[in-house]
Amino acid sequence: MLMAAIATTAMAQTITYEQIENSTDPKAEFQKEYSEYVASDGHTYKVGDKITIGMPQSNKTFAYMTSEMGIAAAAMGGGPVPGINAQYAGTDMQIKQIKVQRNKKRGATVTFRTYLAGLGGVLVQIENCIASGEIVSQGMTPDKALAELKKAKDKLELEVITQQEFDSIKAELMPYLK
């Protein structure tokens with residue numbers, strides 16, 4: 001019983017984009033696996049969640065997602081790792097693991113190990129995917145923030161909300177508009 005509680009506690013941890021970006025010691029070791037990740041878009045991604053594949057960088061293959069089968073095939077054949085085909089755009093995949101990986105060249109990166117029907121395991125460099133649109137962001141984007149602010153302005157003009165409520169909403173959304 002105690003072992004189960006320890007195992008559960010060890011996995012029930014959250015890492016944030018800010019923790020990784022603000023790490024002052026390049027040799028600092030983060031726990032290797034997490035149950036939640038708060039990304040740069042403000043959304044908390046959890047093991048078990050589904051994420052939606054966006055559009056690839058090159059219109060042919062995804063730059064920041066790699067098939068585990070493709071990695072294995074490349075290792076066996078000695079060739080380059082094939083990219084994931086654009087046909088998977090709009091498809092959902094489930095997060096199986098959230099890991100922080102470090103290397104001297106790139107520093108710390110957060111990688112999701114996901115499952116994609118018909119392809120199996122897929123490794124996702126989540127921050128690069130969010131920034132490039134290869135993963136549909138679940139968090140607040142500048143466009144979403146602007147739309148929310150316009151809705152709030154309409155509500156203010158219709159006297160559905162007060163000036164104080166509008167100011168509060170605006171203060172929350174402004175960081176996403178800069």
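The analysis underlying the following values was restricted to heavy atoms, covering all of them including side chains, and did not include hydrogens, waters or symmetry mates. Keep in mind it's a predicted model, so treat the numbers as computed, not measured.
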I'd like to check Q164 versus D167 (side-chain heavy atoms, cut-off strictly below 4.5 Å). Are they in contact?
no

Does the side chain of S40 come under 3.5 Å of the side chain of E127 through a donor N or O and an acceptor N or O?
yes

For a side-chain contact (heavy atoms from CB on, under 4.5 Å) check, start with the C-alpha distance between T114 and K96, then their side-chain angles and the critical distance, and finish with the verdict.
CA-CA 5 Å; T114 65; K96 296 293 186 181; 5.7 Å; no

Between Q163 and L156 the two heavy atoms that sit nearest each other are OE1-CD2, 3.4 Å

Any chance the side chains of E36 and T44 put a donor and an acceptor closer than 3.5 Å?
no

Rounded to the nearest 0.5 Å, what separates atom CD1 in I135 from atom CZ in F112?
8.5 Å

Taking the side chain as every heavy atom from C-beta outward, state whether N128 and E134 have any pair of such atoms under 4.5 Å apart.
no

How long is the straight-line distance from CE of M65 back to CG of L119, given to the nearest 0.5 Å?
10.5 Å

Heavy atoms from other residues, nucleotides or ligands near NZ of K144 exceed 12 (cutoff 6.0 Å):
yes

side-chain contact (heavy atoms from CB on, under 4.5 Å) evaluation trace for L116 with I53
CA-CA 10 Å; L116 179 59; I53 299 175; 3.9 Å; yes

Tell me, yes or no, whether the heavy-atom count around E157 atom CD, taken from other residues, nucleotides or ligands under 6.0 Å, exceeds 12.
yes

With a 4.5 Å heavy-atom cut-off, do Y34 and T14 have their side chains touching?
no

Any side-chain heavy atom of D41 within less than 4.5 Å of one from S137?
yes

How close do T61 and P56 get, counting heavy atoms only, and between which atoms?
O-CB, 3.2 Å

How far does CD1 of I95 sit from CD1 of I126, to the nearest 0.5 angstrom?
6.5 Å

Hey, are the side chains of N85 and K60 touching, using non-hydrogen atoms and a 4.5 Å cut-off?
no

Are side-chain heavy atoms of M93 and V124 found at a separation under 4.5 Å?
yes

Nearest-0.5 Å distance that lies between atom CD1 in I51 and atom OH in Y45:
7.5 Å

Between A171 and P175, which heavy-atom pair has the shortest distance, and what is it?
O-CD, 3.4 Å

Could you verify whether a donor N or O on one side chain and an acceptor N or O on the other, from Y88 and D92, lie under 3.5 Å apart?
no

Check whether NZ of the Lys or CZ of the Arg K153 lies under 6.0 Å from the centre of the six-membered ring of F166 and within 45 degrees of that ring's axis.
yes

Non-hydrogen side-chain atoms of T109 and V100 separated by less than 4.5 Å
no

List the steps and the verdict of side-chain contact (heavy atoms from CB on, under 4.5 Å) for L173 and L146.
CA-CA 8 Å; L173 296 174; L146 185 59; over 6 Å; no

Distance check, rounded to the nearest 0.5 Å: Y17 atom OH versus N22 atom CG?
9.0 Å

Looking only at heavy atoms, what is the nearest atom pair of T111 and Q101, with distance?
OG1-OE1, 3.1 Å

Using 0.5 Å steps for rounding, measure from the CG atom of L123 to the NZ atom of K99.
9.0 Å

Between V122 and I84, is there a side-chain heavy-atom distance shorter than 4.5 Å?
yes

Do you know which two heavy atoms are closest between S132 and Y64, and how far apart they sit?
OG-CD1, 3.7 Å

K155 and E165 ion-paired at < 4.0 Å:
no

